[in-house]
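Worksheet: one structure, shown below.
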Amino acid sequence: MRRAVCPGSFDPITNGHLDIIGRASKLYDVVHVAVMINQSKKGLFTVDERIELIREVTADFGNVEVESFHGLLVDFCKQREIPAIVKGLRAVSDFDYELQMAQMNNGLSGVETLFVPTNPTYSFLSSSLVKEVATWGGDVSHLLPPTVHAALVERLGER
């Protein structure tokens, strides 16, 4: 069985993330979406909320499993016998950072990294940018799945 992981914080998951996950789901039998737990970072959504949103918006793919992880991604991969990491690249600056991570991960465990160029429609998109624009009342509905957009609007309304 061919397995890969798409890691990230997904706070919140965007259409750009979904594009990469969807494309990976066509290449692999099982795609694990690993939601990073970063204790030093306060997310807008809890890890459990992110997992639930991701499960909801990836359900149609049929071969995506979503769970959290804390620690080294290569340990997550080893525990689940996942030989490949799939990462989307938006720009050259992403490549500089991700290449170093890929080489480190491969050196630590032999896990390979597959770089997927982002759909040009989403080349500027990040969760941080979406949150910032939405916080100031900008329309980000076209950048998120509808259920994620609704959750974002609700959460920002609570603040």
Side-chain angles (χ1 to χ4, degrees), residues 1-131 143-149 151-152:
M1 185 172 293
R2 295 169 305 159
R3 302 156 66 92
V5 62
C6 290
S9 56
F10 305 104
D11 188 35
I13 189 166
T14 68
N15 288 339
H17 292 128
L18 273 181
D19 176 60
I20 299 299
I21 294 166
R23 290 160 66 193
S25 76
K26 292 175 184 173
L27 299 172
Y28 292 94
D29 298 315
V30 178
V31 174
H32 296 261
V33 175
V35 180
M36 180 177 61
I37 298 172
N38 185 343
Q39 306 291 8
S40 64
K41 220 175 180 183
K42 175 76 171 117
L44 183 63
F45 293 97
T46 67
V47 171
D48 288 339
E49 289 169 331
R50 287 182 251 164
I51 288 171
E52 188 55 39
L53 287 168
I54 297 166
R55 283 183 177 149
E56 187 174 336
V57 299
T58 62
D60 288 345
F61 296 140
N63 63 341
V64 173
E65 296 181 11
V66 186
E67 59 189 303
S68 63
F69 84 94
H70 181 272
L72 295 176
L73 181 58
V74 293
D75 291 337
F76 179 92
C77 292
K78 279 189 224 174
Q79 292 164 2
R80 290 155 186 81
E81 298 180 357
I82 299 170
I85 300 166
V86 176
K87 297 290 290 193
L89 295 178
R90 296 171 292 193
V92 173
S93 57
D94 285 349
F95 179 75
D96 289 341
Y97 173 76
E98 294 296 347
L99 178 62
Q100 290 177 351
M101 293 300 297
Q103 291 169 332
M104 177 63 81
N105 288 337
N106 186 267
L108 289 172
S109 67
V111 172
E112 295 291 349
T113 300
L114 174 69
F115 295 123
V116 179
T118 301
N119 179 321
T121 304
Y122 308 120
S123 63
F124 66 92
L125 186 54
S126 72
S127 296
S128 299
L129 185 58
V130 165
K131 288 185 288 194
L143 304 174
L144 303 167
T147 55
V148 175
H149 181 255
L152 177 63

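Numbering starts at 1 and runs along the sequence shown.
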If we only count heavy atoms from C-beta on, is the [X] to [Y] side-chain gap below 4.5 Å?
X    : Y    : result
E98  : L89  : yes
S68  : I51  : yes
M1   : V30  : yes
Y122 : R90  : no
P12  : K131 : yes
Y28  : L114 : yes

Residues which pass side-chain hydrogen bond (donor to acceptor under 3.5 Å, both in side chains) with N63, listed by chain and number, not counting sequence neighbours: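 Result, side-chain hydrogen bond (donor to acceptor under 3.5 Å, both in side chains) vs N63: none returned.
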Distance in Å, [X] [atom1] paired with [Y] [atom2], rounded so as to fall on 0.5 Å steps:
X    : Y    : atom1 : atom2 : result
I82  : S109 : CD1   : OG    : 11.0 Å
I85  : L73  : CD1   : CG    : 4.0 Å
L44  : L152 : CG    : CG    : 6.0 Å
F115 : L99  : CZ    : CG    : 5.5 Å
N105 : K87  : CG    : NZ    : 9.0 Å
Q103 : T113 : CD    : OG1   : 9.5 Å

Looking at every heavy atom in both [X] and [Y], which two are closest together, and how far apart are they?
X    : Y    : result
L129 : F124 : CD2-O, 3.6 Å
P7   : V86  : CD-O, 3.7 Å
L144 : I13  : CD2-O, 3.4 Å
L143 : V130 : CD1-CG2, 4.2 Å
S126 : T14  : C-CG2, 4.4 Å
V33  : I21  : CG2-CD1, 3.8 Å

Keeping [X] on the side-chain end and [Y] on the backbone end, is there a donor-acceptor pair under 3.5 Å?
X    : Y    : value
R2   : L27  : yes
T118 : P120 : no
N106 : A102 : no

Candidates D19, L125, I20 - the one meeting side-chain contact (heavy atoms from CB on, under 4.5 Å) with N119: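 That would be D19.
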Y97 OH: over 12 foreign heavy atoms closer than 6.0 Å: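 Incorrect, the count does not exceed 12.
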Side-chain donor-acceptor contacts of residues 52-61 below 3.5 Å, not counting sequence neighbours, with atom names and distances?
residue: R55; atom: NH2; partner: V66; partner atom: O; Å: 2.8
residue: T58; atom: OG1; partner: I54; partner atom: O; Å: 2.7

Ring geometry between F76 and H32 (parallel below 30°, tilted from 30 to 60°, perpendicular above 60°):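 Rings of H32 and F76: perpendicular, over 60°.
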side-chain hydrogen bond (donor to acceptor under 3.5 Å, both in side chains) evaluation trace for D48 with T46: CA-CA 5 Å; D48 288 339; T46 67; 5.4 Å; no
Steps toward salt bridge (Lys or Arg N to Asp or Glu O under 4.0 Å) verdict (D11, R50): CA-CA 7 Å; D11 188 35; R50 287 182 251 164; 3.8 Å; yes
Basic-acidic side-chain contact under 4.0 Å: E67, R80: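 Looking at E67 and R80, the cut-off is met.
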